[in-house]
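Contents: one structure, followed by commentary.
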Amino acid sequence: MTVFNGYPLSVVLAVLLHVSVVGALLYFQQADTAVIDIVRPPSVKALLVNENPQARNEQVQQRQAQQERDQRAERERQEQQRLEAAQAEQRREQAEREAEEQRVAERQQDQERRQAEQRQAEQQRVAEEQRQREAEERRQQEVAAEQERQRQEQAQAQALAQQEADSRELAETDAELVMAYSAVIHDLVQQYWSRPPSARNGMVVVLRIRMVPTGDILDVAIVQSSGDFAFDRAAESAVLKVNRFTELQGMDPRLFDRNFRTFLLTFRPQDLLN
Amino acid sequence: MAVSESINVWGLIVAATLPVQLVMLILLMASVVSWVMIIQRWLVLSAAVRGMEGFEKRFWSGMDLSQLFREGSSQQKESSQVGGMENIFRAGFKEFMRLRQQGGIESDAVMGGAQRAMRVAYSREEEKLEKNLTFLATVGSVSPYIGLFGTVIGIMNSFISLASQSQASLQVVAPGIAEALIATAMGLFAAIPAVVAYNRYSSRVESLTNNYMTFIEEFASILHRQVYSTPGK
């Protein structure tokens with residue numbers, strides 16, 4: 001009948017339609033993700049439990065031994081200083097006592113032959129005084145030298161402490177690096193690991209892997225068997241398939257020697273349903 | 001409800017790169033506009049069909065044609081304009097009456113004038129019906145390509161970012177590709193209804209215009225009869 005010009009109605013309807021479609025999409029998406037959270041898809045995970053525990057233990061022990069040695073040396077040095085100081089004190093006291101005795105003796109001699117030997121006694125006293133002065137000087141020099149040595153030792157100790165702190169800091173960043181590298185190894189091995197159907201949840205197999213700094217694997221040995229031959233073989237062949245950890249080539253040789261020349265890899269199927 | 005590690009569509013759209021977001025925006029707008037067109041065309045076409053049916057019923061009911069014309073005029077005056085087939089009738093009849101009342105014009109010329117007037121009204125009606133259908137056709141054919149374009153750009157970006165990663169894993173690639181695929185999905189979402197609507201509406205328009213054509217011929221034959229049965233008036 002009429003040319004229906006229903007633009008406003010159309011616009012309202014179209015916008016409503018889109019809003020409802022988008023809303024429904026978002027709503028169902030959220031519901032889906034919630035469901036997915038509950039039933040997580042099973043995935044294989046290889047855990048790198050430990051890399052080279054021996055080396056790490058040795059390192060710790062070495063550091064402890066070093067500290068102990070340092071402490072002992074410090075104690076001994078303090079002891080010696082104290083002893084030396086006591087000896088010097090004794091020597092000085094003895095010298096003074098001797099001088100006193102001599103003076104008394106001289107005075108007696110003086111009384112005996114006062115005038116005859118007065119000059120001589122005088123000379124003797126002068127000589128004695130001179131000797132005393134010299135002793136005093138020597139003692140002062142000794143003290144100064146001792147102080148100097150102490151200062152030097154203190155400086156040395158400080159330097160040592162500084163060095164130790166530095167090395168500790170280095171060790172921290174090293175630990176991070178090692179973690180990163182082991183994550184890389186972990187991922188690579190995991191990619192190649194195909195779990196045999198006989199794998200069960202409690203199984204654990206530990207492999208010892210020896211590597212050279214180019215990342216090539218020298219050999220793989222089973223340290224701890226899971227008891228299931230197929231599972232052991234799967235883990236071993238996963239490592240052998242990787243063949244070469246090219247990511248490790250750029251690694252600091254010091255770190256490599258310490259952590260990755262030989263290291264242990266632990267495999268366990270984590271989230272099997274059976 | 002959603003855990004941070006789970007991927008949802010809205011998060012992907014928000015996190016998408018600018019070109020992909022632009023493509024998505026374009027597609028969303030195209031979809032909205034094409035739906036506006038779909039609904040509006042639907043209203044227009046069904047109104048035209050209804051109008052045509054009603055008018056044909058009245059026309060063939062044996063009513064006097066001048067009576068019918070007057071009804072249409074009063075309807076036009078009091079409410080909205082008349083449309084569709086009635087417009088063609090009114091144009092032809094008005095021209096016919098005018099030419100006949102002038103007198104001294106040959107019957108052939110009267111018939112020719114009436115037919116010309118009806119043809120003009122017909123092409124106007126046809127234009128009204130087909131308006132915006134080309135937009136639907138464009139959306140239907142182009143929006144998949146736009147969506148594909150967005151997807152290609154998105155995947156390209158995700159691969160470029162993958163190149164900077166030392167180790168490639170599925171978790172790195174997957175969100176980028178999912179994000180990119182949203183663009184294709186939106187393109188299809190816009191295109192499918194547009195194509196369906198275009199095909200449906202163009203066939204409807206065709207049948208309507210065929211009906212108009214037939215009506216023109218029928219009306220012309222009626223006028224013809226009238227012209228030649230009462231000569232010289």
Side-chain angles (χ1 to χ4, degrees), chain A residues 1-41 43-46 177 180-193 215 242 244-251, chain B residues 1-13 28-29 31-55 72 75-76 79-87 124-125 128-129 131-132 166-171 182 185-186 189-190 193:
Chain A
M1 262 182 284
T2 58
V3 176
F4 200 97
N5 191 0
Y7 277 112
L9 179 66
S10 315
V11 169
V12 168
L13 280 180
V15 169
L16 219 72
L17 179 95
H18 280 81
V19 167
S20 63
V21 164
V22 170
L25 192 73
L26 290 183
Y27 177 77
F28 284 115
Q29 188 74 32
Q30 284 202 340
D32 275 355
T33 52
V35 169
I36 284 168
D37 284 339
I38 296 164
V39 186
R40 287 181 56 185
S43 65
V44 180
K45 275 185 186 163
L177 267 178
Y181 278 117
S182 22
V184 170
I185 291 174
H186 169 169
D187 280 2
L188 274 174
V189 172
Q190 195 180 326
Q191 274 177 20
Y192 285 104
W193 187 29
V242 176
R244 186 175 207 189
F245 294 101
T246 29
E247 282 79 359
L248 264 63
Q249 279 176 3
M251 197 172 173
Chain B
M1 215 149 75
V3 182
S4 60
E5 67 179 17
S6 69
I7 291 169
N8 70 29
V9 173
W10 186 246
L12 282 177
I13 291 171
L28 184 71
M29 277 161 57
S31 176
V32 169
V33 175
S34 76
W35 271 98
V36 169
M37 296 306 168
I38 288 169
I39 296 167
Q40 196 260 349
R41 277 298 97 185
W42 183 70
L43 293 172
V44 167
L45 289 181
S46 44
V49 168
R50 259 198 325 261
M52 185 186 78
E53 281 168 356
F55 178 74
Q75 197 184 348
Q76 204 169 21
S79 63
S80 53
Q81 70 209 100
V82 294
M85 202 178 256
E86 197 168 357
N87 263 349
R124 229 170 248 144
E125 287 305 310
K128 265 187 218 161
L129 291 178
K131 197 176 147 199
N132 292 334
S166 59
Q167 47 164 342
S169 67
L170 199 59
Q171 284 90 334
I182 290 175
M186 287 179 75
F189 179 76

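Keep in mind it's a predicted model, so treat the numbers as computed, not measured. Throughout, a chain's letter reflects where its sequence line sits, starting with A, and its residues are numbered from 1.
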Qualifying residue for side-chain contact (heavy atoms from CB on, under 4.5 Å) with V32(B), from V19(A), V11(A), V15(A) = V15(A)
Looking only at heavy atoms, what is the nearest atom pair of I39(B) and A14(A), with distance?
-> CD1-N, 3.7 Å
Nearest non-hydrogen partners of L28(B) and H18(A), listed with the distance |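 Smallest heavy-atom distance, with atoms named: CD1-CD2, 4.4 Å.
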Proximal component of V22(A), with respect to chain B [non-hydrogen, under 4.5 Å] |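 Answer is neither: V22(A) stays 4.5 Å or more from chain B.
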Is it the side chain or the backbone of L13(A) that comes within 4.5 Å of chain B heavy atoms, both, or neither?
->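 Interface part for L13(A): both.
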Taking atom CZ of R244(A) as the centre, does the number of heavy atoms from other residues, nucleotides or ligands within less than 6.0 Å exceed 12?
->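 More than 12 within 6.0 Å, yes.
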